[in-house]
Amino acid sequence: MTEQFDRYLTFKDLNWEERADRIFAALQPHFDQETSPFWPYFLKQRAISHRQGLDDLRVLHNFLPTLRDLLEELNDTETLLLLEELEVLCM
């Protein structure tokens, strides 16, 4: 039997789940106000990813360039900084 690989081993003590949760909390006003037509699509893809067993870190990683561009357009520097921090530390 092969040993199961834990892809999060190097993320020990980085609290990636909490960091991803903070980003989604910061994005919530954008979702609520539909500041972009991208948001409903993004949330649909997030739900699909969760059904496939993927986590929010993976969802954010998959949409990183689009999220970065949108946050820059929306002048949301606070969320952009959270996203960049997550990218540097955990992706």
Side-chain angles (χ1 to χ4, degrees):
M1 187 169 159
T2 61
E3 194 174 343
Q4 188 172 1
F5 177 71
D6 181 1
R7 74 182 182 107
Y8 297 115
L9 186 62
T10 59
F11 295 158
K12 185 177 179 183
D13 299 325
L14 287 179
N15 299 320
W16 64 268
E17 291 167 315
E18 183 180 312
R19 291 173 191 271
D21 288 346
R22 276 189 286 193
I23 291 171
F24 274 97
L27 289 172
Q28 191 62 49
H30 295 296
F31 302 155
D32 294 342
Q33 297 169 17
E34 293 189 21
T35 57
S36 168
F38 170 75
W39 299 129
Y41 171 78
F42 177 68
L43 292 173
K44 181 180 176 183
Q45 294 305 308
R46 180 186 188 202
I48 291 169
S49 295
H50 285 182
R51 285 194 300 271
Q52 294 173 344
L54 303 174
D55 53 53
D56 280 337
L57 182 63
R58 179 65 170 255
V59 172
L60 292 169
H61 182 263
N62 287 345
F63 291 96
L64 190 60
T66 303
L67 291 170
R68 188 180 299 122
D69 289 346
L70 271 174
L71 293 171
E72 286 175 359
E73 285 178 26
L74 295 167
N75 294 317
D76 186 348
T77 55
E78 183 177 321
T79 307
L80 187 57
L81 288 173
L82 291 173
L83 186 63
E84 288 176 356
E85 179 183 63
L86 184 72
E87 178 185 13
V88 168
L89 294 176
C90 301
M91 292 183 188

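Remember, it's a predicted structure, so these values are computed and weren't measured experimentally.
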Quiz item: Roughly how far apart are His30 NE2 and Asp76 CG, rounded to 0.5 Å?
Solution: 3.5 Å
Self-check item: Verdict with supporting geometry, Glu87 and Leu83, side chain to side chain contact (heavy atoms under 4.5 Å, CB included)
Solution: CA-CA 6 Å; Glu87 178 185 13; Leu83 186 63; 5.8 Å; no
Self-check item: Reported CD-to-CG distance for the pair Glu84 and Leu67, which is rounded to 0.5 angstrom
Solution: 11.5 Å
Practice problem: Look at the side-chain heavy atoms of Ile, Leu, Val, Met, Phe, Trp and Tyr, link any pair under 4.5 Å apart, and say whether Leu81 and Phe24 land in one connected group. | Solution: no
Exercise. May I ask you to test the Arg19-Leu82 pair for a side-chain heavy-atom distance under 4.5 Å?
Key: no
Quiz item: Considering only heavy atoms from C-beta outward, does the side chain of Val59 approach that of Gln45 to under 4.5 Å?
Solution: no
Quiz item: What distance separates Leu43 CG from Ile48 CD1, expressed to the nearest 0.5 Å?
Solution: 11.0 Å
Quiz item: Side chains of Leu27 and Leu71: closer than 4.5 Å at any heavy-atom pair?
Solution: yes
Exercise. To the nearest 0.5 Å, tell me how far Glu85 CD sits from Arg22 CZ.
Key: 6.5 Å
Quiz item: More than 12 heavy atoms of other residues, nucleotides or ligands under 6.0 Å from NE2 of His61: is that the case?
Solution: no
Self-check item: Nearest non-hydrogen partners of Trp16 and Leu86, listed with the distance
Solution: O-CD1, 4.2 Å
Self-check item: Shortest non-hydrogen contact between Leu54 and His50, atoms and distance
Solution: O-CD2, 3.3 Å
Quiz item: At their closest point, which heavy atom of Arg46 faces which heavy atom of Asp56, and how far apart are they?
Solution: NH2-OD2, 2.7 Å
Quiz prompt | Mutual orientation of the aromatic rings belonging to Phe31 and Trp39 [parallel < 30°, tilted 30-60°, perpendicular > 60°] | solution = perpendicular
Practice problem: Answer yes or no: is there a side-chain heavy-atom contact under 4.5 Å between Leu60 and Phe42? | Solution: yes
Quiz item: How far apart are the closest heavy atoms of Ser36 and Pro40, and which atoms are they?
Solution: O-CD, 3.9 Å
Quiz prompt | Spacing of Leu70 atom CG and Phe63 atom CZ [to the nearest 0.5 Å] | solution = 11.5 Å
Quiz item: If you count the non-hydrogen atoms of other residues, nucleotides and ligands that lie under 6.0 Å from CD in Glu78, is the total more than 12?
Solution: no
